Amino acid sequence: MTTVVMKFGGTSVATPEKIIEVAKRAIAEKEKGNRVVIVVSAMGKTTDTLLELAAEISPEPPKREMDMLLATGEQVTISLLAMAFRSLGEKALSFTGWQAGIETEAVPRNARIEQIHTERLEQALSEGFCCVVAGFQGVDATGNITTLGRGSSDTTAVALAAALGAAKCEIFTDVDGVYTADPRYIQGARKLQQISYDEMLELANLGAGVLHPRAVEFAKNNQTPLWVRPSFSDAPGTVIQEMITVEKNLIVRGVACEKGIARVSVRYEKPFNGSLARIFTALAEEGIDVDIIVQSISQETPPSVSFSIKEDQAMQVYRVLDQQQAEIGFTARDVEKGLAKVSIVGSGMISNPGVAAKMFDILRMEDIPVHMVSTSEIKVSVVVPEGKMTDAANALHAGFGLI
Ligand code: ADP
Ligand code: ASP
Ligand code: MG
């Protein structure tokens, strides 16, 4: 029998009525002769509400307890959905992350799945139950509940699909597929029929919130056919796969944006050997994600290095730098907040020189200053003032013919 994994996000399970709709949709899939696993998120904005609740108790709550708290959101949905199945006359069982055998590393709030012990799910499936699994959570080797990062119910679904050898994994959400850019902000964003794993991975990493990046990574590594589909209609959505067969000649396939970026600059009086390694080792040890790095060494000006981080980690970065000022040997540091990253992504860039030049030209014509740049074979990212992010994304989206 074929196994199918279906995942429904927060807005798709926001009310009891919607939960009943989800159960009906899954039952229709089972009636086609499939074994069905359903992964769900917390209802509506529950996770945000839980975060606010914790903030009322403590400004920096223990991460272990945060995981314990946040995991409750998904637990509410799985129990209600299993009840909905029963009320519709269908056999179903709910499973938390640990009950579903999802073992993770011991990293609270952002754990990676290490392995999945599928025996319990396999047993339930073979007995004809629909399995309802809580997304976003697992358990570490010592038995602590862990969570996998915001938006990571997608990852639970794709990882389960891979572990169970599912024929496909469908991510049902509040849009009808993957668009050329976030349709909430970009006029004329267009639904894509297909997108490659590599392009989707870049877009997801660069801020396209429609899929969690690790979900795409799992799908690519296991060659799992992955679909993003609307939960509000039967439309086919977008397929994410290794090679695409339509619109192959598009150089840029999508535009992604991310707010809340800051640029930290560290200045020296004279060159300081080994200093770069020290800075980034110290930041890595604190779990701070550094994105774009630009070093400037010239005869005329004192050496400096700038790097971009998430704005909310700025205080932490200052603390790490100041604690190690003597070893790092810098004389001044400052931070510029209120920035955003706008990126263009497309596999066609590899063989088309001049894409970055065209990007800068489009931004220049719109009077948008570029603070930092980073490129790879299939993307170019620029850091711009946050107030200009949407203008920049719209201009690039239109300028590269995505409308
Ligand atoms: P869910 O709760 O179902 O997981 P999310 O809010 O995480 O839903 O993801 C869906 C949202 O992703 C959409 O409402 C859309 O605004 C946003 N989004 C960002 N970039 C894209 C894109 N390129 N294509 C489609 N949606 C996108
Ligand atoms: N409920 C979690 C969140 O809001 C996980 C998810 O929805 O994917 O981030
Ligand atoms: Mg999501």
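Along the sequence shown, residues carry numbers from 1. Atoms within a ligand are numbered from 1 in the order they appear, just like the ligands themselves. All values reported here derive from a predicted model rather than from experimental measurement.
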Can [X] be said to touch ligand 2, with heavy atoms closer than 4.0 Å?
{"X": "E74", "result": "yes"}
{"X": "G135", "result": "no"}
{"X": "G151", "result": "yes"}

Output yes when K18 and E21 qualify as a salt bridge under the 4.0 Å nitrogen-oxygen rule, no when they do not. no

Using 30° and 60° as the class boundaries, would you call the ring planes of F307 and F280 parallel, tilted or perpendicular? perpendicular

Determine the sole option in H371, K341, M372 for which the side chain to side chain contact (heavy atoms under 4.5 Å, CB included) test with S308 is passed. M372

Just one of E386, E311, E336 clears the salt bridge (charged side-chain N to carboxylate O under 4.0 Å, His left out) bar with R263, so which one? E336

Do any N/O atoms on S41 end up under 3.5 angstrom from N/O atoms on ligand 2? yes

Can you tell me if Q325 has over 12 outside heavy atoms packed within less than 6.0 Å of its CD? yes

Should F360 and V373 be marked as a side chain to side chain contact (heavy atoms under 4.5 Å, CB included) after you check the CA-CA gap, both sets of side-chain angles, and the distance that decides it? CA-CA 10 Å; F360 301 142; V373 180; 3.8 Å; yes

Decide salt bridge (charged side-chain N to carboxylate O under 4.0 Å, His left out) for K358 and D361; before the verdict, give the C-alpha distance in whole Å, the side-chain angles of both, and the deciding distance to 0.1 Å. CA-CA 5 Å; K358 181 170 174 184; D361 217 31; over 6 Å; no

Minimum heavy-atom separation for V39 to V5, with atom names? CG2-CG1, 4.2 Å

In short, M200 meets V210 closest at the heavy-atom pair CE-CG1, 3.8 Å

Protein residues near ligand 1, heavy-atom distance below 4.0 Å? K7, G9, G10, T173, D174, V175, G177, V178, Y179, A181, D182, P183, R184, A208, G209, V210

Closest to atom 6 (C) of ligand 2 (judged by heavy-atom distance), picking from G209, A71, S153: S153

What atoms of ligand 2 come within less than 4.0 Å of a heavy atom belonging to R150? 3 (C), 4 (O), 9 (O)

